[in-house]
Amino acid sequence: MTTTERARGATWAPPAAMLRAGFPYMRTLGMRRVTFYPLDVAVGGEGRIYTISRFDLTGNVRVTTWDDDDLGALSGGWTWPAGLALDEEERLYVSDEGEHTVTVLTREGQTLRRWGKQGSKPGELNRPSHLAFDHEGHLWVSDTRNHRVQQLTRDGEPLRSLGEFGGGPGQLNMPWGVAVDPAGAVYVADWRNDRVQKFDPDGRPSLVIGRSGTGDGEFHRPAGVAVDQHGDIYVCDRGNHRVQLFDHTGRYIEQFRGDATLSKMGRLYILSNQKVLRLREMAKLEPQKRFRAPSAVRVLPDGRMFVADYGSHRVQVYQKEAYPLSESEVMPPPRSVTLSTV
């Protein structure tokens, strides 16, 4: 990480306003026989897409392409792989909540190192889940059963920890998703507290989003969380089978319920199987589109949003269309909020 990149992270700020033109569905990738129960997703170079595929007592990282071709599976000898992050050289960092470890692999699947052990001391882990890199190149790990998130070096050396068990500001109850914005603030999907918490770059709690419920801005077991270059916050509201979008202040914007079409893999499989083809022809298609317990969300700099659709064994992809505005391009917020021009 260069000095320039660190400075960029330190001075980043969200835009004054956004012209939100739309967020249309793009495509579906994967299918049950390949991307089985995807818990996390990451996007590499040359169109490579990595998913944590979870089985009853094991799992792997499945590699597919943007054209929905299966490139095979990477195996790290995991028990319950849960989270995935890629570094700048496309090395894979995979958490194993069964073994309380993080494994580092090359993109070809060669294991480079494995670190971590069960415990509650600094650097020790208890059921680690999602992972995220910050702009300094350090790794944040959701240390779920220790009710904290830890910042670690790439070799697992502890740097600092945020959170403790509880329901108050800055406290966590089985955190799952974790993300870091360009300024270094950390966002945590606070699973059992049904909320998302933001910690500023100094580690102070600075924003709480959500509460238990099914309405706009409410959650039932939030899982994955992501933050894009505009400061928008994306949350997999797993128990409510949706992804919710908030702006950088925590204001609710919109939600995604799922719009899946058949992936290329799925289409080829169904067309080659007469029984499955008949069942598909008889099915109600509307429910087949929707998310089922989405578990992870990633947003790329180009605005593509990838959602690990856990219960449907696939990844759904959307495309953000939005335009940042400066202070001079938009009027100040009105004192009385209304859209009327009369």
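Here the structure is a predicted model, which means the values were calculated and not measured.
Under the 4.5 Å side-chain criterion, counting only non-hydrogen atoms from C-beta, Leu152 is not in contact with Glu157. By the 4.5 Å heavy-atom criterion applied to side chains, Arg154 and Arg113 are counted as neighbours. A heavy-atom distance below 4.5 Å is found between the side chains of Ile209 and Leu207. Annotation: side chain of Phe133 is not in contact with side chain of Glu88 (no heavy-atom distance under 4.5 Å).
Residues Arg314 and Asp309 are paired through a salt bridge, judged by an N-O separation under 4.0 Å between the basic side chain and the carboxylate. A salt bridge is absent between Glu124 and Lys121: the closest approach of a Lys/Arg side-chain nitrogen to an acidic carboxylate oxygen does not fall below 4.0 angstrom.
The environment of CZ in Arg48 is crowded: more than 12 heavy-atom neighbours from other residues, nucleotides or ligands sit within 6.0 Å. Around the CD atom of Gln274, the shell of radius 6.0 Å holds no more than 12 heavy atoms that belong to other residues, nucleotides or ligands. Counting heavy atoms of neighbouring residues, nucleotides and ligands inside a 6.0 Å radius, atom CE of Met331 exceeds 12 of them.
Side chains of Gln316 and Asp259: no donor on one and acceptor on the other come within 3.5 Å. Between Arg33 and Tyr269, the side chains place a donor N or O and an acceptor N or O closer than 3.5 Å (distance only, hydrogens not considered). Side-chain atoms of Asp194 and Ser212 form a donor-acceptor pair, as typed in the model, at a separation below 3.5 Å. In summary, the side chains of Asp67 and Thr65 do not present any donor paired with an acceptor at a separation below 3.5 Å, with no hydrogens or angles considered. The closest side-chain donor-acceptor pair between Ser326 and Ser328 falls under 3.5 angstrom. Counted by atom type alone, Thr51 and Thr35 present zero donor-acceptor pairs between their side chains at under 3.5 Å.
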From CA spacing to verdict: side chain to side chain contact (heavy atoms under 4.5 Å, CB included), Arg160, Gln150
CA-CA 6 Å; Arg160 59 174 171 156; Gln150 292 197 72; over 6 Å; no
Go through it in stages, so that I can follow the logic: the residues are Arg290 and Gln288, the test is side-chain hydrogen bond (donor to acceptor under 3.5 Å, both in side chains), and I'd like the CA-CA distance, side-chain angles, deciding distance and then a yes or no.
CA-CA 6 Å; Arg290 304 306 175 209; Gln288 307 304 316; over 6 Å; no
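Listed here is the closest heavy atom pair of Asp200 and Ser206: N-OG, 3.8 Å.
For Tyr318 and Phe256, the distance between ring centers is under 6.0 angstrom.
In this structure, the separation between CZ on Arg27 and OG on Ser263 is 11.0 Å, given to the nearest 0.5 Å.
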